[in-house]
Amino acid sequence: MTELISIHRRRGEPLSEFTQFRVFNEQRLNAIPQIQNLSEEERFQMRVIASVLPFRVNEYVINELIDWSNIPDDPIFQLTFPQRGMLLDEDYEAMAALHRRGADRAEIQALAREIQARLNPHPAGQQELNVPMMDGERLEGMQHKYRETVLFFPSPGQTCHSYCTFCFRWAQFVGNKELRFASNEAGKLHRYLAKNEDVTDLLLTGGDPLVMKSKHFENYLLPLLDPRFQHLQTIRIGSKSLSYWPQRFVTDDDADALLRLFERLIQSGKHVAFMAHFNHPREMSTPIVREAIRRIRDTGVVIRTQSPLIRHINDDANVWSDLWREQVRLGLVPYYMFVERDTGAKHYFEVPLARAYEIYRDAVQRVSGLARTVRGPSMSAGPGKVEIQGVTEIGGEKVFVLRFIQGRNPDWVQRPFFAKYDTAATWLDDLKPAFGEAKFFYQDEFEAMCREATSN
Ligand SMILES: *Cc1c(COP(=O)(O)O)cnc(C)c1O
Ligand code: SF4
């Protein structure tokens with residue numbers, strides 16, 4: 001199959017079965033052939049959930065990644081299709097009642113907004129705290145939280161080839177403009193980067209920036225080859241397109257243009273890092289994703305991988321050791337295991353920190369050193385990225401050993417600190433300092449930073 005694809009490419013013939021991108025959303029849920037085999041009740045439940053949480057899935061995911069003989073347990077089905085448990089009973093019943101009596105769209109949307117607002121749509125103070133300023137102006141569509149790295153959310157990249165049910169960016173997809181942070185201002189990005197010489201990394205993120213045409217990438221990235229941007233060493237692209245639409249790199253019209261752009265950036269001395277989001281080994285199993293990986297790596301781009309740990313999808317050490325082993329075999333570098341954020345349908349997806357640590361430890365024990373480049377389980381919380389390093393007993397007290405992988409103050413990084421062991425805690429906010437201390441070492445400073453940011 002892999003051979004076939006490259007032969008077709010050389011002859012310039014489109015591969016008809018792969019080239020067409022067809023996507024299903026909330027309104028077209030019932031048009032998916034495989035869904036028609038489900039019971040009326042199951043389909044109704046999906047419709048109800050999809051009127052609150054984002055839903056979008058394409059034919060590649062439906063036909064090549066989901067095992068339809070294993071519904072509803074199949075991990076890729078859980079990853080992309082609405083499940084009853086994603087809404088709390090009370091919210092579900094209220095929305096189901098509207099659907100049963102054939103309420104109109106406006107009424108359904110009004111209730112959806114109300115439920116969404118209760119699902120912590122912007123965790124970790126992203127909107128207030130991380131937006132940079134330039135010449136007295138807030139730069140919407142950018143985040144600058146850690147000294148070295150600027151995040152940029154290009155506005156044409158604020159959607160994805162399919163949506164993940166657990167996504168912490170879900171609020172951006174449900175159509176509420178106030179919840180978006182996106183920018184189409186390439187000029188402002190460039191001016192900000194030129195002025196800030198501490199910044200070594202630019203991270204393009206989304207949504208999925210790879211839903212953008214290659215032309216857009218050129219507009220954002222080619223100007224960075226100017227000597228004014230010498231301090232900028234690395235361009236990272238955070239994307240799930242290898243999972244959801246590997247055709248982007250193989251058969252799409254502008255696949256080759258994208259790869260040529262990668263080559264050009266690398267030849268000019270930049271490092272290009274592709275931060276690939278893979279939740280399950282199945283996503284790396286099709287011939288077309290392997291061809292896509294091969295083509296990207298041929299340009300000199302390094303593919304690093306990251307994924308959250310999510311109940312119903314990958315809460316099993318064997319899944320993670322298979323994932324990392326397969327990644328190393330394909331030449332990818334395992335980078336982060338994240339703890340699922342405190343947003344959206346978190347009650348459905350969350351895994352207690354104590355369990356997350358065990359899964360990480362058991363999985364790491366099963367792989368060779370080359371896969372142990374992966375860090376985690378890591379929480380991207382307000383003060384920084386906090387990793388659970390272990391569980392131990394000190395002076396008779398059972399504790400979590402923690403450290404900052406990234407900190408809002410770089411000085412916090414790599415200092416071990418301790419929290420009371422707690423089997424129920426699922427996020428940093430649930431943890432209490434160990435040894436009877438009142439606060440974690442960074443807390444006063446972090447609170448002062450928050451006060452300062454909100455008074456501006
Ligand atoms: C994770 C993250 C980064 C990148 O951190 P690295 O440790 O360099 O991978 C940058 N900005 C934000 C807001 C992040 O969450
Ligand atoms: S691809 Fe990324 S941004 Fe898009 S829905 Fe999934 S997790 Fe969210």
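Both ligands and their constituent atoms are indexed starting at 1 by order of listing. Sequence positions, counted from 1, serve as the residue numbers for this chain. All of these numbers come straight from a predicted model, not from anything done at the bench.
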Please state whether G206 comes within less than 4.0 angstrom of ligand 2, counting heavy atoms only.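 No.
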
Check: Q143 and T205 side chains under 4.5 Å, non-hydrogen atoms: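 In short, these two side chains do not touch, never coming nearer than 4.5 Å.
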
Determine whether E326 and F278 make a side-chain contact, defined as any pair of heavy atoms from C-beta on separated by less than 4.5 Å.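 Not touching, per the 4.5 Å side-chain cut-off.
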
May I ask you to identify the nearest protein heavy atom to [atom], giving residue, atom name and distance to one decimal place in Å?
atom	value
atom 7 (O) of ligand 1	Y336 OH, 2.8 Å
atom 9 (O) of ligand 1	Y335 OH, 2.7 Å
atom 3 (C) of ligand 1	K385 NZ, 3.5 Å
atom 12 (C) of ligand 1	Y146 CE1, 3.5 Å
atom 5 (O) of ligand 1	Q406 NE2, 3.6 Å

Could you pull out all donor-acceptor pairs under 3.5 Å where a side-chain atom in residues 77-88 meets a protein atom, sequence neighbours excluded?
residue: Q78; atom: OE1; partner: Y348; partner atom: OH; Å: 2.7
residue: Q78; atom: NE2; partner: P72; partner atom: O; Å: 2.7
residue: T80; atom: OG1; partner: I76; partner atom: O; Å: 2.8
residue: Q83; atom: NE2; partner: F77; partner atom: O; Å: 3.4
residue: Q83; atom: NE2; partner: F81; partner atom: O; Å: 2.9
residue: R84; atom: NH1; partner: L87; partner atom: O; Å: 3.2
residue: R84; atom: NH2; partner: D89; partner atom: OD1; Å: 2.7

Verify the ring-centre separation between H161 and Y60: is it less than 6.0 angstrom?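 Ring centres of H161 and Y60 not closer than 6.0 Å.
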
Aromatic ring centroids of F152 and Y220 under 6.0 Å?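 F152 vs Y220: aromatic centres under 6.0 Å.
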
Under 3.5 Å, side chain of W68 to main-chain N/O of I62, donor-acceptor pair present?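 Flag set: sc W68 to bb I62 pair under 3.5 Å.
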
Need the ligand 1 atom indices (1-based, order shown) with element for anything under 4.0 Å from a heavy-atom of T149.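 So the atoms of ligand 1 that pass are 10 (C).
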
So if I count the atoms of ligand 2 from 1 in the order they appear, which ones are less than 4.0 Å from some heavy atom of K240?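 Counting atoms of ligand 2 from 1, those under 4.0 Å from K240 are 1 (S).
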
Residue G207 vicinity, atoms of ligand 2 by number, heavy atom under 4.0 Å: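 Once the distances to G207 are compared, the set is 3 (S).
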
When you look at CD of Q230, are more than 12 heavy atoms from neighbouring residues, nucleotides or ligands closer to it than 6.0 Å?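 No, CD of Q230 has 12 or fewer neighbouring heavy atoms, counting only those of other groups under 6.0 Å.
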
Tell me, yes or no, whether the heavy-atom count around R118 atom CZ, taken from other residues, nucleotides or ligands under 6.0 Å, exceeds 12.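 Correct, the count exceeds 12.
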
Quick one: does ligand 1 sit under 4.0 Å from the side chain of [X], the backbone, both or neither, non-hydrogen atoms only?
X	value
L151	side chain
R236	side chain
E148	neither

Does any N, O or S atom in C167 come within less than 2.8 Å of atom 8 (Fe) of ligand 2?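 So C167 counts as coordinating atom 8 (Fe) of ligand 2, yes.
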
Applying salt bridge (Lys or Arg N to Asp or Glu O under 4.0 Å) as the test, list every pair that has at least one member in residues 238-249; sequence neighbours left out.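 For residues 238-249, and leaving out neighbouring residues, the salt bridge (Lys or Arg N to Asp or Glu O under 4.0 Å) pairs sorted by first residue read K240-E283, R248-D254.
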
For ligand 2, does C160 get within less than 4.0 Å through its side chain, its backbone, both, or neither, judged by non-hydrogen atoms?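 Answer for C160: side chain.
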
